[in-house]
Amino acid sequence: MYIWEKIPPHERRDLLVAWLALSAAFTLAMVWGQRLDPFIIGQFFIISLVTAGIAFIVHEMAHKFTAMKYGYWAEFQMNSMMLVVAVAMAALAGIVFAAPGATMIYGNYISREENGKISLAGPVSNLILLIPFAALIVIGQSAGSALLAIIGLVGVKVNAMIAAFNLLPVGPLDGAKILSWNPVIFAGVALIAFGILFGSLSGFF
């Protein structure tokens, strides 16, 4: 309840809208080019809610609560235009460009180290989520449950993708702030994220 109280109603609304829009975008990308079967689309939407939705929310909340740990106020603010772009690109080209918004941090002065650690929290949270999703792959295969295995596989790919994308050292992305704070930590985390992403896309998982 204490954590829930730290998320004001307008932020909950933004998180919910972004969660649904991102899930729709990932769903459209996964069924792109296939025959439109409502049952299949529904299944993939549920899978997207569980995988992309959790990956997104955990990432943003990791930024938020790490910032609050340092005494700053932080909240996620969605970008409505980028959500529309994400859904449109997924529908038209089968590509997900997920930039649903950002966690804004409010404070008088944020040191380079604090900013680096706050930024690091997001990608690291996605790397940690790889563990339960990878476990779902094993459980699903052992139990003969294709659904669990698919959720696990999609979860691994989505979390690896979100971590790797945010670690790009450009613009406002997390990678630029982490690199500015500690190049060694940046290199280590980026190597892990891109290595797992490459492995997941090449069929290793």
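This chain uses plain numbering: 1 for the first residue, then up along the sequence. This one's a predicted model, so the numbers in the text were calculated from it and none came from an experiment.
Between Lys117 and Glu113 there is a salt bridge, with a side-chain nitrogen of the basic residue lying less than 4.0 Å from a carboxylate oxygen of the acidic one.
Put simply, Ile95 and Met82 are part of the same group of oily side chains (I, L, V, M, F, W, Y) that touch within less than 4.5 Å, one to the next. Leu92 and Leu22 fall into different hydrophobic clusters, where Ile, Leu, Val, Met, Phe, Trp and Tyr side chains are chained together by heavy-atom contacts under 4.5 Å. Linking ILVMFWY residues whenever their side-chain heavy atoms come closer than 4.5 Å, directly or via other members, leaves Ile196 and Leu191 in distinct clusters. Linking Ile, Leu, Val, Met, Phe, Trp and Tyr residues whenever their side-chain heavy atoms come within less than 4.5 Å leaves Ile118 and Ile162 in two separate clusters. Hydrophobic clustering (side-chain heavy atoms under 4.5 Å, transitive across Ile, Leu, Val, Met, Phe, Trp, Tyr) keeps Ile110 apart from Phe186.
Shown here is Arg12, whose CZ atom has more than 12 heavy atoms of other residues, nucleotides or ligands within 6.0 Å. Under a cut-off of 6.0 angstrom, the local environment of OH in Tyr106 is crowded, with over 12 non-hydrogen atoms contributed by other residues, nucleotides or ligands. Annotation: Trp19, atom CH2; neighbour count of heavy atoms from other residues, nucleotides and ligands within 6.0 Å does not exceed 12.
Here the CE-CD distance, from Met78 to Glu11, works out to 12.0 Å after rounding to the nearest 0.5 Å. Rounding to the nearest 0.5 angstrom, the gap separating the NZ atom in Lys157 from the OG1 atom in Thr51 is 11.5 Å. With rounding to the nearest 0.5 angstrom, the NE2 atom of His59 is 14.5 Å from the NZ atom of Lys64. Within the model, atoms CE of Met161 and CG of Asn166 stand 10.5 Å from one another, a figure rounded to the nearest 0.5 Å.
Nearest heavy atom pair, residue Pro123 against residue Ala163, reads O-CB, 3.9 Å. The shortest heavy-atom contact between Ser119 and His63 is O-CE1, 3.1 Å. Listed here is the closest heavy atom pair of Thr103 and Glu60: OG1-OE1, 2.6 Å. A pairwise comparison of heavy atoms in Phe45 and Leu20 identifies CE1-O, 4.0 Å as the closest pair. When all heavy atoms are compared, the tightest approach of Ala25 to Ala90 is O-CB, 3.1 Å. Closest approach of Pro100 and Ala18 over heavy atoms only: CB-CB, 4.1 Å.
Applying the ring pair (Phe, Tyr, Trp, His ring centres under 6.0 Å) test to Phe76 and every residue at least two apart in sequence or in another chain returns Phe56.
For the pair Asn159 (side chain) and Gly155 (backbone), a donor-acceptor distance under 3.5 Å is present. A donor-acceptor contact shorter than 3.5 Å is absent between the side chain of Ser180 and the backbone of Ala176.
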Trace of the side-chain contact (heavy atoms from CB on, under 4.5 Å) decision for Asn126 with Val58: CA-CA 7 Å; Asn126 292 120; Val58 170; 5.6 Å; no
Stepwise side-chain contact (heavy atoms from CB on, under 4.5 Å) test for Phe65 and Lys69: CA-CA 6 Å; Phe65 287 106; Lys69 171 187 170 185; over 6 Å; no
Full working for side-chain contact (heavy atoms from CB on, under 4.5 Å) between Leu120 and Trp181: CA-CA 10 Å; Leu120 180 65; Trp181 161 54; 4.0 Å; yes
Verdict with supporting geometry, Ile151 and Phe133, side-chain contact (heavy atoms from CB on, under 4.5 Å): CA-CA 7 Å; Ile151 291 174; Phe133 280 114; 4.1 Å; yes
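Ring-plane geometry between Tyr70 and Tyr72 is classed as tilted, the angle between the planes lying from 30 to 60 degrees on a 0 to 90 degree scale.
Donor-acceptor pairing under 3.5 Å is lacking for the side chains of Gln77 and His10.
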Could you list the donor-acceptor pairs under 3.5 angstrom formed by side chains in residues 137-150, with sequence neighbours left out?
from, atom 1, to, atom 2, distance (Å)
Ser142, OG, Val138, O, 2.9
Ser145, OG, Leu148, N, 3.3

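Cation-pi geometry between Lys6 and Trp73 is not met: the NZ or CZ atom fails to fall both under 6.0 Å from the ring centre and inside 45° of the normal.
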